Amino acid sequence: MKIGYPCINRKIGCTTNSTFRLGSYSDERMQKAVSGNLACLFDILKWNCSNGFQFFRISSDIVPFASHPVCSYPWEKKFKKQFMEIGSFIKQNNMRISMHPDQFVVINSPSNEIAERSIKELEYHCRVLDLMGLDSSARVQIHVGGMYGDKEKAVLRFVDRYNKLSKSVRKRLAIENDDRLFSLKDCLEISRKTGVPVIFDVLHHRCLNNGETIKDALQLVQKTWKKKDGVPMIDYSSQEKGGRKGKHTEHIDQKDFKKFLDQSKGLDFDIMLEIKDKEKSAKIALLLLHKFACSNYDC
DNA sequence: AGTTGTCAAGCTAGT
DNA sequence: ACTAGCTTGACAACT
């Protein structure tokens with residue numbers, strides 16, 4: 001079981017999200033942004049390694065405008081070596097990587113243009129992981145998409161578009177249950193039709209579910225991950241007290257996390273902690289996991 | 001130097 | 001019809 005946090009490390013003080021305005025695009029800006037972002041990514045991964053975090057989500061902003069028509073800069077070629085070095089480090093240290101394109105990626109959109117842009121964005125994400133030489137256990141996770149007033153049709157459109165994706169995207173894609181539209185049950189149905197692995201999001205499941213317990217849910221998603229896909233990835237967060245339903249907590253709720261570990265006892269998966277203070281809470285989670293393991297198994 | 005409005009992209013729910 | 005929120009930082013124009 002690996003534990004990680006997404007995209008940002010607040011402690012070491014560099015960013016992998018450096019970008020610029022579309023209007024000020026130039027190859028020089030691209031070169032500068034990507035080179036800084038990759039250097040920071042490497043720093044974070046090294047820091048993670050010495051702090052026990054073997055799971056990390058790489059930011060979608062690592063190469064700004066990568067899938068935009070304005071991008072004429074041959075970033076793949078220019079940074080091939082850096083990507084390879086980072087990838088080697090990841091593999092040597094047995095680390096797990098995910099990426100999570102944001103809300104603009106909607107492959108089931110009724111608009112072909114939106115779907116096409118989304119697919120380009122997915123290809124960019126997969127390209128990053130390919131350049132690092134990572135196998136198909138490194139995943140790109142998305143939500144199912146919009147509903148457009150007809151869930152059944154929306155699901156059919158997802159399946160149809162999924163089947164037309166390139167092999168390199170299909171080998172990395174994973175879908176995640178969301179908090180308003182597509183529940184775990186919906187994702188499992190799509191997985192049956194396509195073979196796409198399902199990432200279980202604990203907080204979303206609390207907002208939208210069909211009565212499955214945590215243990216039920218984990219056992220169900222486990223079946224959607226084949227050996228070459230690696231162990232299931234899980235998104236964990238808890239509800240911000242007093243915040244809107246589904247709002248991620250600022251800091252880890254230790255009691256809730258312990259409860260989750262207890263409910264999932266005996267199952268193997270990697271946990272992405274979607275918590276605002278990032279590595280700070282992840283450290284606590286790591287400690288709690290260790291304590292939990294020692295009280296239930298031999299240490 | 002510090003502050004603040006704005007940024008490529010979509011969708012839903014609430015006013 | 002319009003906009004906040006997702007989730008949130010960082011750029012860039014302005015004091």
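Below, read A as the first sequence line, B as the second, and so on, with proteins coming before strands; counting in each chain starts at 1. Predicted, not measured: the structure shown is a model, and the values here were computed from it.
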Requested in this report: Using a cut-off of strictly less than 4.0 Å, decide whether A:Lys276 has a side-chain nitrogen or oxygen near OP1 or OP2 of C:dT7.
Outcome: no

**Report entry** Cation-pi check, A:Arg157 onto A:Tyr148 ring (under 6.0 Å, within 45° of axis)
**Finding:** yes

Requested in this report: Determine the Euclidean distance between corresponding P atoms of C:dT3 and B:dC7; express it in Å to zero decimal places.
Outcome: 14 Å

Query raised in the report: Would you call the rings of A:Phe65 and A:Phe20 parallel, tilted or perpendicular if under 30° counts as parallel and over 60° as perpendicular?
Result: tilted

Report task. Map A:Arg29 and A:Arg10 onto DNA chain C by nearest heavy atom, then report which one ends up closer to the 5' terminus. Result -> A:Arg10

**Report entry** P spacing across the pair C:dA13 / B:dA8, given as an integer number of angstrom
**Finding:** 12 Å

Query raised in the report: So what does A:Tyr148 hit on the nucleic acid, given a heavy-atom distance under 4.0 Å: a base, only sugar-phosphate, or nothing?
Result: sugar-phosphate

Query raised in the report: OP1 or OP2 of C:dA12 less than 4.0 angstrom from a side-chain nitrogen or oxygen of A:Ser24, does that happen here?
Result: yes

**Report entry** Validation row, ring centre A:Phe200 to ring centre A:His205 under 6.0 Å
**Finding:** yes

Query - pi-stack flag for A:Phe104 and B:dA9, centroid dist under 5.5 Å, interplanar under 30° - result: yes

Report summary line: Re B:dT6: Watson-Crick or G-U wobble partner, both distances kept under 3.5 Å, found to be C:dA10

Report task. On the 0 to 90° scale, with breaks at 30° and 60°, tag the A:Tyr5-A:Phe53 ring pair as parallel, tilted or perpendicular. Result -> perpendicular

Requested in this report: If C:dC2 has a Watson-Crick or G-U wobble mate with both distances under 3.5 Å, name it; if not, just say none.
Outcome: B:dG14

